[in-house]
J.: 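Structure in structure tokens, see below.
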Amino acid sequence: MKKLFVILICAILTFSSFSPIVTEAAQLNDVKTTDSKYKAINWAVDNKIIPTVSGNKFSPNSYVTEYQLLRAIAKLDPNYYSSSYSENDVYSFYSDLNLPLKWDGNVTRGQFAKIVAALNGMDLSFVEAVQYLYMNEITTGTSEKKTYNDYKPYNNLTRGDLAVFLYRIDSNNLLSYEGLQRSAAGRDDDKITLPPNFTNTGTVTLKPPSNTGGTATQPPSSGNSSTNTVTQSEAVTIKGDSVITANGYESSLITIELKDKYGNEIPYEETLTFKVTSKLNTDLGKSPTSQQTGSTFIVSDGGEVNFYVEGKRSTTTLSDTITLELQNNNNSKYDHIRKIEIPVTYEPRPEVRIEYEYYDPKQPDWDWGDVNKNPIIDDRGNPILPVLPKFSQGLVNIISINTTTKTFTGRDIQQYVDSAQYNNAVLQINGINIPQWLFEQVINNSYWSISVYYYTNFEGWPVYNINTSWLEDYYPDKDLSFNSKEVLYLISLLPNNVTLTHYDSVKAIKSMYDFLLDTDKAYLLSPLRTYREQINKLLDDERIVDQLKTEQDRAQPQNPNTPEVDTNRKPYTKITISMIEKGGFKASSFSGDAVVEFNGITKTVRFSNGTATLESDSNLNYGESKVSVQIPSSSVPNSSHKTNFANLLDTPITKTVFTNPVFNDKRCERDVEVGFVVDQSGSMLKVDPENYVGAKTKQLIKHLNEEYNVAVRFNTSGTLEDKGNAPTVTDENPPIYQDKTIQGGTNIAKGLEKTYSNFSSDNLPRYVLLLSDGKSSPSQINQIIKDAKDKNVTIHTVLVGKQSKSSIALMQQISNGTGGQFFYIEDVLDLHGIYQKIIDAILCGTTVSTDVCPIDNVFDEAEARLRYPDFMMHATTNPVCSNIDKVSVRFSSQHGQYQYDLIERGQGVFRANYPAEMHRTYYLNLDVEFLAFDKNGNIIGKKTVRVDQL
């Protein structure tokens, strides 16, 4: 094993704050003893916090650079890593604390206030940070008025000011050096109370009226208009890969974090609708059901917008612009983000593409993997292939429609006329799937000429998306949103007496209505308007078709002899390896070998027509596993292929393969009513890009097989997916929890309200499974718990994704307050184990192990670095692990083991820095172990890391 030679002292040094030195320093040439700042400046010089300049001068009116400020703070910080105060070391240390740094230039007094607050774990904006200094008596203002302007936040910080501020801080022990968990964004502003007239405007900060749908306060004016608002660059943060492989296959998740023009966070219950367009008309969206070519509408999750951009297929590099345009929102606080442009590049690259599929006889209806292995079939079991019209993709005007043959005649933009079959096409209106009956009604009943946007989706099927721009003239009411106009028009197409024939159409319209903003719904239901009657008709029609479907399902006898497992087919896994040239085209002439490692077996397979296949009919390895593929260059005979794929040959390429686990047989049987409340807000796209949650929840409902089930999704509002017995809820008419609905805000309360209103049994125990990424307002929680207790509902909560302490606390509070249990997983593919526990918790009525803080998941980060003359150790613990009392680092050597305790910095951060001074020579192993202990001294977490040497 490699050894690390390092010199450590045996005794652990105890760090403490600098204390004022009693001995008076020599007289400074430019600071008089009568100066009000003399005492603080003398302290700063004596303790070497701020050095003098040439000629024994202090230069109290000189400005302080950001580096000089951090260096002074580091000299006070008992946990500062390094004995060096170089610019690189100082910035390296404090960037880990997420301080609001500029990384250059002079520091303003306002920035100093924000940095001080951040060092104490407070994420504050400028106004609140200045008040924080007043509250802690770090400043008294320039004329002791104690107002925002009197502090002079926009003036540069001087050396004299810094000496005074640091002297007060050190004398009263006012800094914890804790830092922030995330980059500064003013998240703690609501914890600071601003005095009346604090900003010298004669006004106080007021909350907006409750009917605006928002809870954020308008920030006070500073008296300088240029400081009241932020620019678009300050309010918009864009994350994601801006360079995408130009293959028509790879997608990049684009995340945009927005603030209002005052720099405030946008609450998760509030939503903004953006029209998203691609200059090059590329596909927007990840899955076939959610994809739109060139343009789509995205509803934000509070201030967060998530969408996918697919790499435009090309053999040359292309530059695209993705444009977001704010829709139907006149609030001036969003003026700065009405149009956002994002540059994206599509770069052609050769690829080794690895795809997989599997078949599991225990779950024959489970469709997973990246290969489409379930083609659409007709009544005789024959596959139905896509039938594409000959006109070009784009806008097509419909000339006539034949509902008997399920065809329409259209004319494209090139004036080419053709007949298109829509029987097996994807039919949409405004990007939302609709059934054939509704599609036909729109075309046959319009006073205007109807056109559709025609394109093919990811699987090659034609999509006909009805263009409804004419609705602007059909409904002249300017206060009526465009989406509301679509809903009203579609309702008008429903007959007076709906039947089961209209079931899918009613459900599609109701889904569009549920997706409207709350303000739109309030406008439609207002007694002062004429639209209320139409909405009531829609709600009545939904109740009628639900009842008709329930009666039909009860009349259909279940076949008890239907086998659950196909014993004639064996399980298999199929790995397909394809060589892809630049532009996304398969290199069909490629030949050579691929060495594949999978499930502990290494096998060499041969390429044929650019593809190599490995099939395994052994028992499935449930869960995640890795496939590794290496193509030896020596096996490739074609010299041009060797050149084109040079960077990919002789290099292992890996892919994660996931096989969905199967639930164990139920240990208990009990009649209960269960609500399944699933978060499908926009932020879930990051946590669950493949919508595994939707598929797994559907499987859970089947396995529980209860008579009373309520399936609900929620984003901005709560939407009933289906209710009834397990076969009814999980059939495909309509399918539940589809990925096309994953967008919008997060409103847990709305999802639970929708569930409660659809519970049907008063005699059975009631349970709710609530799954979310926890991004919701804590203001709703008390009411959520009260409603659950009133209705005798137990809520089990499942938090998914890497989350903050606030999200964890929110979901824990819901479960604890209703007698349920809290579960937390960072990787959504670990959901099976959680659902297995919830099955036992519901059916057996017992408490199960939550494994909230498993031993291999305690540490989010752990790092040990040797930067001579210091040994630096840093760890960040999982925020869900609340029982950690101490973190230590254990070294092993030929002389034995040595253990050093880290210092807790708050918010799950532990750090220590030990000097490598001469005391005894150790030969330490390169691998070191981080240990987490509870208050009883038990080890509750471990993580082994390798020392980083420089």
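No hydrogens, no waters, no symmetry mates; every other heavy atom, side chains included, goes into these values. Predicted model, so just to flag it, every value in this text is computed and none were measured.
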J.: Where does the angle between the aromatic ring planes of Tyr422 and Phe439 fall among parallel (under 30°), tilted (30 to 60°) and perpendicular (over 60°)?
T.: tilted
J.: Is a side-chain donor or acceptor of Asn445 paired with a backbone partner of Gln441 at a separation under 3.5 angstrom?
T.: yes
J.: Does atom CZ (Arg313) have a neighbourhood of more than 12 heavy atoms from anything else shown, all under 6.0 Å?
T.: yes
J.: Check whether NZ of the Lys or CZ of the Arg Lys698 lies under 6.0 Å from the centre of the six-membered ring of Tyr737 and within 45 degrees of that ring's axis.
T.: no
J.: Do Lys312 and Tyr346 form a cation-pi contact, if we require the NZ or CZ to be under 6.0 Å from the six-membered ring centre and within 45 degrees of the ring's axis?
T.: no
J.: Is atom CG of Leu525 surrounded by more than 12 heavy atoms (other residues, nucleotides or ligands) closer than 6.0 Å?
T.: yes
J.: For Lys750, does the NZ atom have more than 12 heavy-atom neighbours from other residues, nucleotides or ligands under 6.0 Å away?
T.: no
J.: Is there side-chain contact between Thr728 and Lys549, with heavy atoms separated by less than 4.5 Å?
T.: yes
J.: With a 3.5 Å distance limit and no angle check, can you tell me whether Asn465 reaches the backbone of Val452 through a side-chain donor-acceptor pair?
T.: no
J.: Mark yes or no for whether Trp437, through its side chain, and Ile434, through its backbone, hold a donor-acceptor pair below 3.5 Å.
T.: no
J.: Strictly distance-based, threshold 3.5 Å: is any side-chain N or O of Ser511 a donor or acceptor partner for the main-chain N or O of Lys507?
T.: no
J.: What do you reckon, is CD of Glu533 surrounded by more than 12 foreign heavy atoms closer than 6.0 Å?
T.: no
J.: Compare every heavy atom of Val768 with every heavy atom of Val677, then report the nearest pair and how far apart it is.
T.: CG2-CG1, 3.7 Å
J.: Within a strict 4.5 Å, meaning less than it, do heavy atoms of the Arg411 and Val396 side chains meet?
T.: no
J.: Is the distance between the ring centroids of Phe482 and Tyr475 under 6.0 Å?
T.: no
J.: Taking Ser484 for the side chain and Leu480 for the main chain, is one N or O donor matched with an acceptor at less than 3.5 Å?
T.: no
J.: Please confirm whether the backbone N or O of Ser683 pairs with a side-chain atom of Asp301, one donor and one acceptor, at under 3.5 Å?
T.: yes
J.: Do Tyr455 and Pro462 have side chains that approach each other closer than 4.5 Å (heavy atoms only, starting at C-beta)?
T.: no
